Amino acid sequence: MIFVTCDHIIALSLAWFTMGFFMARLIGIINGWPEARQAAGFAQKYFLCSGAALTAGVLILGFATNNFTLSGITATLNSLPKAVWLSSSILIITAALIQSAIYPFHRWLLSAMTAPTPASALMHAGFVNGSGILLTLFAPVLLKADALSILFVTGGITAIAAQFSKLLQTSIKQKLACSTIAQMGFMIMQCGLGFFNAAVTHLILHGFYKAYLFLSSGEQVQVSAPGKPLAIKISPQHAVAVLIAGILGAGCFAILTGKGIIINSGIFLTLIVAITVGQATYNIVKQQSLSVGRKIYLPVLLYSAGMGSYALIYNGLSRVMSDMPDVESPTALSPLHILFGLIFLSGFFVMKLGIYKKWSWLYVKLLNDSQPYKKTILLSKNQSL
């Protein structure tokens, strides 16, 4: 709360350091486990680096403007040379990427499985979301430095890679960790598109969602042997249903939020919504236990409730944040946006059709990149979390 509400950059930096310190303590709270102590120390190194980067970034701005408050710095940004904007932005972005476990700083989160499940819920539903707030607070600096492309590319690569890595995990908590990394990648990517208010909306909704998943993860734990995966079949009827639902979902999203109506970076977010709606629709229509009627009205009810709730929160937050500078600054649609849009669309089909299973090099690469630090792995299955 201090970090979110304070205006002085020294207090902000101290709050950031303190958050990391206590999070590391929670990761290693079971002192009797050597793995827990190793995980705490491993995470603490990342958090200290994040805090040091943030402190350096804000002090550069403070000494350059002779102001040590966010409001004072924002008011005098135009008087600074671009070198100051750029150096400060890189350091602030680095601090955000580390705390949100964005590639290549993701390993600390994968190594934090020794934390009790309630601590994991706090970590994944709250702590990692702090980067969205940090980037929103310094949005004017990032825009001045033209640094949004860094966020967009880094977040996009993380979202794609982590989503694929999730499919390879066998542990429920590791699956959730990869899911968190993917969601954080998408949050960072929204900042890179200039929609900082959308990133804040995302982190709030992700917080509720991920806290529930972790607190209920015990229901999913079971000892099982790998079996032969079911063959993936997409009939023409399924393909048509996915296409229609994706188009209607994207249109509904654009009308409710205003994103995607104008030709700018908001179109990318609308495309992501279309892909998400299409994927959810496929998961419903492929269920043989559902009647044709249910396959029609269930998606309508689900998407109406989901998009209506999102639009309500997004539009409400946009009004609350209206006095903050540059929280919604969509950029012009660029070839980079189009390229990543095609990659996301291709990734949807690669996942749904199971094509990734045929690429052994990709499987090995993703599996290696999603491994925790070796000294934090619990080797005995009798040790209970």
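Note that the structure is a prediction, hence the values are computed from the model and not measured.
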Backbone of [Y] reached by a side-chain donor or acceptor of [X] within 3.5 Å:
X      : Y      : value
Gln183 : His206 : no
Ser50  : Ala95  : yes
His106 : Asp369 : yes
Ser88  : Leu61  : no

Within 45° of the axis and under 6.0 Å from the centre of the six-membered ring of Phe42, does NZ or CZ of Lys375 qualify?
->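 Lys375 over Phe42 ring: no.
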Honestly, is Lys144 close enough over Phe138, meaning NZ or CZ under 6.0 Å from the six-membered ring centre and within 45° of the axis?
->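 Verdict for Phe138: no cation-pi partner in Lys144.
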Less than 4.5 Å apart, any side-chain heavy atom of [X] and any of [Y]?
X      : Y      : value
Ser111 : Gln38  : no
Phe196 : Gln190 : no
Ser171 : Met113 : no

Exercise: identify the closest heavy-atom pair between Val273 and Met307 =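 Taking every non-hydrogen atom into account, CG1-CE, 3.6 Å.
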Tell me whether the rings of [X] and [Y] are parallel (<30°), tilted (30 to 60°) or perpendicular (>60°).
X      : Y      : result
His8   : Phe68  : parallel
His202 : Phe186 : perpendicular
Phe253 : Tyr310 : tilted

Roughly how far, to the nearest 0.5 Å, is the [atom2] atom of [Y] from the [atom1] atom of [X]?
X      : Y      : atom1 : atom2 : value
Met189 : Leu151 : CE    : CG    : 11.5 Å
Phe195 : Ser265 : CZ    : OG    : 4.5 Å
Ile102 : Ile93  : CD1   : CD1   : 12.0 Å

Please assess Phe127 against Phe47 for the test ring-ring contact (aromatic ring centres under 6.0 Å, His included), listing each intermediate value before the final yes or no.
-> CA-CA 11 Å; Phe127 179 77; Phe47 301 155; 5.0 Å; yes
Does a side chain donor of either Ser370 or Gln169 reach within less than 3.5 Å of an acceptor in the other side chain?
->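 The answer is yes; a qualifying pair exists.
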Would you check if there is a donor-acceptor pair between the side chains of Thr281 and Tyr303 at a distance under 3.5 Å?
->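 Indeed, the side chains of Tyr303 and Thr281 share at least one donor-acceptor pair under 3.5 Å.
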Kindly indicate, with the supporting measurements, whether the criterion ring-ring contact (aromatic ring centres under 6.0 Å, His included) is fulfilled by Phe105 and Tyr46.
-> CA-CA 8 Å; Phe105 307 111; Tyr46 279 83; 7.0 Å; no
